[in-house]
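Accompanying notes for the structure given below.
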Amino acid sequence: MTTIFKNFIGGEWVGALSGETFANVNPADTRDIVGTFARSGVEDTRKAIDVAREAQPKWAAVPAPKRGEILFKAANILESRAEAVAREMTREEGKTLPESKGEVGRAINILRYIGGEGARLCGEAIPSERPRVFIHTVKKPVGVVGLITPWNFPIAIPAWKLAPALIAGNGVVLKPSDLAPLCALRLVEALDEAGVTKGALNLVTGPGSKVGNELVVNPAVGAISFTGSETTGSNIAIECAKRRARVQLEMGGKNPTIVLKDADIAEAVEVVANAAFFSTGQKCTATSRVIVEQPIVEAFTQALVERARKFKIGNGLETGIDLGPSVDEGQLKTVLDYVDIGRKEGASLLYGGARVSDGALAHGFFSTPAVLGNVTPTMRIAQEEIFGPVAAILPAKDLDHAVQIANGIRFGLSASICTRSLTSAFEFVNRIEAGLVMVNLPSAGVEYQVPFGGSKQSSIGMREQGSLAVDFYTEIKTVYMKY
Ligand code: NAD
């Protein structure tokens, strides 16, 4: 029997007012229904916003270090359930079990790290130019914040928004993606059990056009933190600008890895295969453009194709699987369509890019990792986000040319270089237009305790994660006192 999961509003688990539900389906095996969830609408969302507004002052009145202790406790609760939550993540999103375990571990780290920020919500004491005047600043919560998250990191992204929003004393309404809402719900359960004030934390599932949009347009919501596609994010920015709400957007990427001729080819292949194919390429920081210095293009390409052939494709719950499915049929179609578009544009398909449907895999959305050669910078496969296991290889004359190609794009999330030259590495770090810069490391794979975010069209607003994460969720009050 399918488990029914509900919204969490005002400290209670409640169905959508309409009574409607939707199914959360396993992309590795569509016969497996992970659960049914509330298909909420505008009224459910308004209710959650109202409740959050009412409860927020009570939550803010809990001393910040105590709020931190609640986050620590939530981390412990989640840790005690880590294995089960990881399995649910693999079932709802498709990534392999080791990847899911890693992500749950990351959510736990985030709760602990940000929990510690509760004791560090410091203002400043600043000298006044007038005698006997004392000036200081305090950090106050924004009020009610709306958090809108995608499916590709079903627990880490909700965690890296929820934790700083709560530690700052805000009331929160979280709206996860319809494709993977269960992990967000598990996180909310842990936080509720840990003792977050009833009503301060709410979860509403349902379509973005209704639940997400209501959060964006509702005047009681003071800030929106969104991670997702560029199109949705751009519309949210416009709507928030209309009512002057604070907004933070983490959107698409088309991340390059440059491989210079002095790189260790075997190591560079591992770096690229990891960044391009793991998590089925469904990471905003995944490498999708591999810019290779001309003299080693052939050797590198051959080695990457050999590496791609070794990827074991299948249900991520099974041991030894490297590559799970695309998250749904639409995403698989996008991947296969882009491989086709690339070929029509004149690129050569060197490996992969085909649906895999042998045996039980016929019930999932699997494809072989694709390597495309002879790609030129203006081709659509070199400009548009695919969000699948597709690596496009672009030859470059030298470092200057490689950086020019890498920067010749509207995105700027993550970028990597493989080289043994310190000078080339520093030139790259200085000149690359990206918020996350890696040297001899995959473009994907970031840590929780440092700032995360991109430049150009990839991100708008303040950075997430690390200690800076709290800034977006706080307002500074400047206090002048004459004594
Ligand atoms: P999406 O934009 O389709 O959906 C993201 C969220 O927005 C979902 O919860 C969705 O229901 C909601 N939404 C949809 N329409 C809305 C509307 N009109 N108003 C308000 N909310 C609405 O993105 P997705 O397909 O879930 O995620 C994949 C995208 O996310 C990729 O483009 C990827 O690059 C991006 N992403 C970026 C980062 C980053 O940090 N830069 C991280 C992960 C994913």
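Indexing begins at 1, ligand by ligand and atom by atom, following the structure's order. All values reported here derive from a predicted model rather than from experimental measurement.
- Classification of Lys344 and Asp340 as a salt-bridged pair holds, one side-chain N sitting under 4.0 Å from a carboxylate O.
- Checking Gly330, Gly253, Gly233, Ser229 against atom 2 (O) of ligand 1, the nearest heavy atom belongs to Ser229.
- Shortest contact from atom 32 (O) of ligand 1 to any protein heavy atom: Glu385 OE1, 2.6 Å.
- Given atom 41 (N) of ligand 1, the protein heavy atom at minimum distance is Met251 O, 2.7 Å.
- Ion pair Asp29/Arg91 not flagged as a salt bridge, since none of the NZ, NE, NH1 or NH2 atoms sits closer than 4.0 Å to an Asp/Glu carboxylate oxygen.
- Side-chain atoms of Thr287 and Ser443 form a donor-acceptor pair, as typed in the model, at a separation below 3.5 Å.
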Between Lys254 and Glu384, does the salt bridge (charged side-chain N to carboxylate O under 4.0 Å, His left out) criterion hold? Intermediate values first, please. CA-CA 7 Å; Lys254 187 74 188 171; Glu384 297 171 16; over 6 Å; no
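- For atom 25 (O) of ligand 1, the nearest non-hydrogen atom from the set Trp160, Phe153, Phe387, Trp151 comes from Trp151.
- Looking at Glu117 and Lys139, no side-chain N of the basic residue comes within less than 4.0 Å of a carboxylate O on the acidic one, giving no salt bridge.
- A donor atom on one side chain and an acceptor atom on the other are not found under 3.5 Å apart for Gln282 and Asn152.
- Under the 4.0 angstrom criterion for non-hydrogen atoms, Asn235 is not in contact with ligand 1.
- Note on Arg380 versus Glu345: no salt bridge recorded, every NZ/NE/NH1/NH2 to OD/OE distance being 4.0 Å or above.
- Of the protein's non-hydrogen atoms, the one nearest atom 18 (N) of ligand 1 is Gly208 O, 4.0 Å.
- Distances from atom 4 (O) of ligand 1 to the protein include no heavy-atom value under 4.0 Å.
- Shortest contact from atom 36 (N) of ligand 1 to any protein heavy atom: Cys284 CB, 3.6 Å.
- Taking 4.0 Å as the cut-off, Ser459 does not count as a neighbour of ligand 1 on heavy-atom distance.
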